[in-house]
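Written out below as structure tokens is the structure these notes cover.
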Amino acid sequence: LEMAGAARGLTIQLKRAAVAPAKGDGARILVERLWPRGKSKAALRLDAWLRDAAPSTELRKWFHEHPGKWDEFRKRYYAELDAHPEALAPLPALLESGPVTFVYARADDERNSAVALREYVLRRVRR
């Protein structure tokens with residue numbers, strides 16, 4: 001992730017798809033492989049959908065079956081992201097324009113792919 005000077009003021013917020021958009025969200029980016037159930041495009045007000053940056057279907061299913069294996073999930077997810085850096089190609093331009101909000105569907109607010117993705121991006125940018 002090539003991020004010139006954006007790392008200084010980098011803000012990545014997280015918000016469930018069930019929560020209404022707000023002025024402070026900045027660019028709203030859906031970071032799920034599947035569209036959130038029961039949500040229209042108008043309701044989500046997205047600026048981008050990084051479908052390919054979400055965990056693979058296989059990994060998503062594995063984590064659903066093993067929710068307690070958070071560290072292993074993150075390790076596997078980061079390996080997928082490392083193998084497919086093009087999935088994050090649109091992200092630098094979105095981040096440079098101001099705050100962004102990763103929109104996710106999972107009910108667990110602490111252990112979901114958006115949390116892991118934010119951690120991954122922040123680590124890469126600050127290197």
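No hydrogens, no waters, no symmetry mates; every other heavy atom, side chains included, goes into these values.
Remark: Trp70 pairs with no residue by the side-chain hydrogen bond (donor to acceptor under 3.5 Å, both in side chains) rule, at least two apart or across chains. Judged as a salt bridge (charged side-chain N to carboxylate O under 4.0 Å, His left out), and not counting sequence neighbours, the contacts of Arg76 are Glu72. Arg60 is linked by a salt bridge (charged side-chain N to carboxylate O under 4.0 Å, His left out) to nothing, counting only residues two or more places apart in sequence or in another chain. Applying the side-chain hydrogen bond (donor to acceptor under 3.5 Å, both in side chains) test to Ser113 and every residue at least two apart in sequence or in another chain returns nothing.
At a threshold of 4.5 Å between side-chain heavy atoms, the hydrophobic network of Ile, Leu, Val, Met, Phe, Trp and Tyr places Leu91 and Leu10 in one connected group. By the criterion of side-chain heavy atoms lying less than 4.5 angstrom apart, applied directly or through intervening Ile, Leu, Val, Met, Phe, Trp or Tyr residues, Leu14 is grouped together with Leu94 in one hydrophobic cluster. Val19 is not connected to Tyr104 by any chain of hydrophobic side-chain contacts under 4.5 Å among Ile, Leu, Val, Met, Phe, Trp and Tyr, and they are in different clusters. Leu46 and Leu88 sit in two unconnected hydrophobic clusters of ILVMFWY residues. Membership requires side-chain heavy atoms under 4.5 Å apart, directly or through other members.
Rounding to the nearest 0.5 Å gives a distance of 4.0 Å between OG1 of Thr101 and CD of Gln13.
Residue pairs meeting the side-chain hydrogen bond (donor to acceptor under 3.5 Å, both in side chains) criterion with at least one partner in residues 40-53, sequence neighbours excluded, are absent. Among residue pairs with one or both ends in residues 18-29, those qualifying as side-chain hydrogen bond (donor to acceptor under 3.5 Å, both in side chains) are Lys15-Asp25, Asp25-Arg28; sequence neighbours excluded.
The shortest distance between side-chain heavy atoms of Arg118 and Leu122 falls below 4.5 Å. Contact annotation: the side chain of Asp108 never approaches that of Pro67 to less than 4.5 Å [non-hydrogen atoms, C-beta and beyond].
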Stepwise side chain to side chain contact (heavy atoms under 4.5 Å, CB included) check, Trp62 with Phe73: CA-CA 8 Å; Trp62 177 87; Phe73 166 76; 3.9 Å; yes

Side chains of residues 29-39: which donor-acceptor pairs under 3.5 Å do they make with residues two or more places apart or in other chains?
from  : atom 1 : to     : atom 2 : distance (Å)
Glu32 : OE2    : Ala105 : N      : 2.6
Arg33 : NE     : Pro55  : O      : 2.9
Arg33 : NH2    : Ala54  : O      : 2.8
Trp35 : NE1    : Lys39  : O      : 2.6

Please list, one pair per line, the donor and acceptor atoms closer than 3.5 Å that link side chains of residues 78-85 to other protein atoms, with sequence neighbours excluded.
from  : atom 1 : to     : atom 2 : distance (Å)
Tyr78 : OH     : Ala116 : O      : 3.0
Tyr78 : OH     : Glu119 : OE2    : 2.6
Glu80 : OE1    : Ser56  : N      : 2.9
Glu80 : OE2    : Ser56  : OG     : 2.6
Asp82 : OD1    : Tyr120 : OH     : 2.6
Asp82 : OD1    : Arg124 : NH1    : 3.4
His84 : ND1    : Glu86  : OE2    : 3.3

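Panel note: side chain Arg16, backbone Val103; no donor-acceptor pair is recorded below 3.5 Å.
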